[in-house]
Amino acid sequence: MDTDIGALTVIFTEFYYWITIPLMFLIHVGFCMYEVGASRRKNMMHTLMKNTMLIPLVTITFFFFGWWIYFAFPNGPFIFEGKGLVEGASINAAPWSELMGTHLGGASFQDGVTGDDTAFWARINGVFWAAFLLFSWTAASIVSGAVIERIRSGAFWIIAVLVGSCTWIIDASWGWHPEGWMVQMLGYHDAYASGVIHAIAGGAALGVLVVLGPRIGKFRADGTPRNIVPHNPWLVTVGLFLIYTGFWGFYVACNVPIISSADIGSTVEGATPVFTATTIYLTPTTLSAIVFNFLMSLSGGLLAGYMVSKGDAFWTYSGGLAGIITASAGNDLYHPIQAMFIGAVGTVVAYKLHHWVERTFKVDDAVGAVAVHGYAGFFGLVVAGFMLWGHPATAGYIEGGATINPLGQFAGAVIMFFVLGFLPAWILAKIMNAFGMLRIPPELEIAGLDLADFHDRYLSDEDVTRAEEEEARRLGLIR
Amino acid sequence: MSTTGISSWAVDIGQVGAIYPFQGTEFILFLAGVAFWIIWHIVQLRQEDQTYEDDLRHLKDPEKLERAMRNQKLE
């Protein structure tokens, strides 16, 4: 902030991330609309509240420990050169840090916090925290849709905290950080979160679903699935449209908007430093690149989704999302036509796998979340390993960093989907199931979760109508 | 070797141009993309014909047509 260009860069960066936050809010609005539309009328309000209340729960827990995890765990579980927690992670991210409140960047009053720390973090910390928090909501919300109409809200909210404030941010620390051990050792590259948000959340949803079981009536006696029709297809599709809209914020929040090439080690002796945008790994890209690729992968997914589902609206819209998610790992670098084909193929893979898993294992994923996020994300990571083979996975200032490769991407996909996605959610669901906390009683499932709500509303409506009739009689309007 | 032409960031990035993978295949990609687009129209039109044929098969029965007009189940 001591030069005009320095001040402009900081304020621009602060404002840039701030803009991403309301855009990403739309993802959550979209998820709520989508889930409520996909549920039956008897479960609408319960479905809405289930997704809504993850917002405060994930927010406060992300403040308490989620943000700290991101900075503390890049070395992984003592994997990377035997190192443990990163020293200094508490400087900006512990909830008791002075930088987790209003701060103008001047002198520090806490031990271990330097003037450089406060100057760097004061204006960026809150908006950067919030951008990550909105990713957290998205991760938890992906699980929410899959389990509608039979999970207990209390159980879901515990799972939401696990995914939104623990497991996803551990994976971000490992694989979505320029110094994460997966990035440095495996060459893991996942610029727009095919794995770190989507594969992990899809894996977590599958882990819960296999314990939770299908909705009553989902499968016939011979095991073939019935289609439980959304009560409001327009709400479903407009919800998905809003998710697309929110993805603009999601994508740009995954970038660093402006940084000097000298600060990220993308330079050689004698070169004049230039400003560039980068991915979260501090590898150069441009906003133009991600705009090209976002729209082309969305289009590839929509076209393929329409074709493979024979024009089904739900799967066409979901295909658009699957297209983006498949290409996201490498959308900082792909050519737009490559992004279109990758999005199209990923959508077909997700669609086919969804139906195969549903038929074979009797998994009732109410909104196709495991497919659209989990399978598409997993597939997209593997594809990026082949397409971007040999490209540096991380910033130039990290000496000896690995390059992107198929094996590293495959290992990364397994870590995201199974190790940090499926496994912790499955264990937690098993524990809650053992205590009878996971699933609602069958009587309530059959009658509908909004029974009490509707009952009160009908009583109230009747009561008000009686009062209106009495008043109309008093006024002589009726007999 | 790198598919993008970048294998290290020890470069003067002011001098770096395109960094998408498999540079030089743009025209082939373009042709493949156009083929995908045309094929999509052909497949879509066939699927639409099939859907209409299935619907019309039901609606040749006047009783079913009447039910459809009243938003009732056909079967």
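Naming convention: chains lettered A, B, ... in sequence-line order (proteins, then strands); numbering from 1 in each chain.
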*Asks:* Output yes when a side-chain donor or acceptor of Thr3(B) lies under 3.5 Å from a complementary backbone atom of Met387(A), and no otherwise.
*Replies:*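 Flag set: sc Thr3(B) to bb Met387(A) pair under 3.5 Å.
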
*Asks:* Pick whichever of Ala271(A), Ala395(A), Pro392(A) has the most heavy-atom pairs under 4.5 Å with chain B.
*Replies:*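 Counting heavy-atom pairs under 4.5 Å, the top option is Pro392(A).
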
*Asks:* Considering only heavy atoms, which portion of Ser266(A) lies under 4.5 Å from any heavy atom of chain B: side chain, backbone, both, or neither?
*Replies:*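 Contact with chain B involves both backbone and side-chain atoms of Ser266(A).
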
*Asks:* Under 3.5 Å, is there a donor on one side chain and an acceptor on the other for Tyr188(A) and Asp190(A)?
*Replies:*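 Yes.
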
*Asks:* Chain B: which of Ser261(A), Gly265(A), Pro284(A), Gly396(A) shares the most heavy-atom pairs with it under 4.5 Å?
*Replies:*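 Winner by heavy-atom pair count: Pro284(A).
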
*Asks:* Knowing that exactly one of Thr285(A), Thr286(A), Thr283(A), Ile259(A) qualifies, which makes a side-chain contact (heavy atoms from CB on, under 4.5 Å) with Thr278(A)?
*Replies:*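 Answer after filtering Thr285(A), Thr286(A), Thr283(A), Ile259(A): Ile259(A).
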
*Asks:* Can you say whether Phe386(A) sits under 4.5 Å from chain B via the side chain, the backbone, both, or neither, judging by heavy atoms?
*Replies:*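 For Phe386(A), the contact with chain B is made by the backbone alone.
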
*Asks:* So Trp176(A) and His189(A), ring-ring contact (aromatic ring centres under 6.0 Å, His included) or not? Walk me through it.
*Replies:* CA-CA 8 Å; Trp176(A) 216 40; His189(A) 184 82; over 10 Å; no

*Asks:* Relative to chain A, which segment of Ser7(B) carries a heavy atom at a distance below 4.5 Å: side chain, backbone, both, or neither?
*Replies:*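 It is both, since atoms from each part get that close.
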
*Asks:* Using a cut-off of under 4.5 Å for heavy-atom pairs, which of Gln44(B), Gln50(B), Glu26(B), Glu48(B) has the most such pairs with chain A?
*Replies:*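 Ranked by heavy-atom pairs under 4.5 Å with chain A, first place is Gln44(B).
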
*Asks:* So for Ala289(A), is it side chain, backbone, both, or neither that comes closer than 4.5 Å to the heavy atoms of chain B?
*Replies:*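 Neither; nothing under 4.5 Å.
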
*Asks:* Under 30°, 30 to 60°, or over 60°: which ring-plane class applies to Phe30(B) and Phe27(B), parallel, tilted or perpendicular?
*Replies:*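 Phe30(B) and Phe27(B): tilted rings.
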
*Asks:* Using the six-membered ring wherever Trp is involved, compare the ring planes of Phe241(A) and Tyr317(A) and label them parallel, tilted or perpendicular (cut-offs 30° and 60°).
*Replies:*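 Plane angle over 60°, so perpendicular.
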
*Asks:* Between Leu303(A), Ile337(A), Thr403(A), which has the largest tally of heavy atom pairs under 4.5 Å with chain B?
*Replies:*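 Looking at each option in turn, the highest pair count goes to Leu303(A).
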
*Asks:* What residue, out of Tyr397(A), Tyr306(A), Tyr334(A), has the most heavy-atom pairs lying under 4.5 Å from chain B?
*Replies:*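 Option with the greatest count: Tyr306(A).
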
*Asks:* If I measure from the heavy atoms of chain B, does Met340(A) come under 4.5 Å with its side chain, its backbone, both, or neither?
*Replies:*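 Answer is side chain: those atoms of Met340(A) sit under 4.5 Å from chain B.
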
*Asks:* Show your reasoning for whether side chain to side chain donor-acceptor pair (under 3.5 Å) applies to His335(A) and Asn293(A).
*Replies:* CA-CA 7 Å; His335(A) 185 280; Asn293(A) 291 342; over 6 Å; no

*Asks:* Between Phe294(A) and Tyr251(A), does the ring-ring contact (aromatic ring centres under 6.0 Å, His included) criterion hold? Intermediate values first, please.
*Replies:* CA-CA 8 Å; Phe294(A) 177 90; Tyr251(A) 255 56; 5.1 Å; yes

*Asks:* Quick check: does any side chain N or O of Arg40(A) sit under 3.5 Å from a backbone N or O of Pro230(A), one acting as donor and the other as acceptor?
*Replies:*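 No, Arg40(A) side chain to Pro230(A) backbone: no donor-acceptor pair under 3.5 Å.
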
*Asks:* Could you look at Phe341(A) and say if it's the side chain, the backbone, both or neither that has a heavy atom under 4.5 Å from chain B?
*Replies:*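 The answer is the side chain of Phe341(A).
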
*Asks:* Side chain, backbone, both or neither: which part of Val11(B) has a heavy atom under 4.5 Å from chain A?
*Replies:*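 For Val11(B), backbone heavy atoms alone lie under 4.5 Å from chain A.
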
*Asks:* Taking side chain as everything from C-beta outward and backbone as N, CA, C, O, which of these in Ala18(B) sits under 4.5 Å from a heavy atom of chain A? Side chain, backbone, both or neither.
*Replies:*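 For Ala18(B), neither part sits under 4.5 Å from chain A.
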
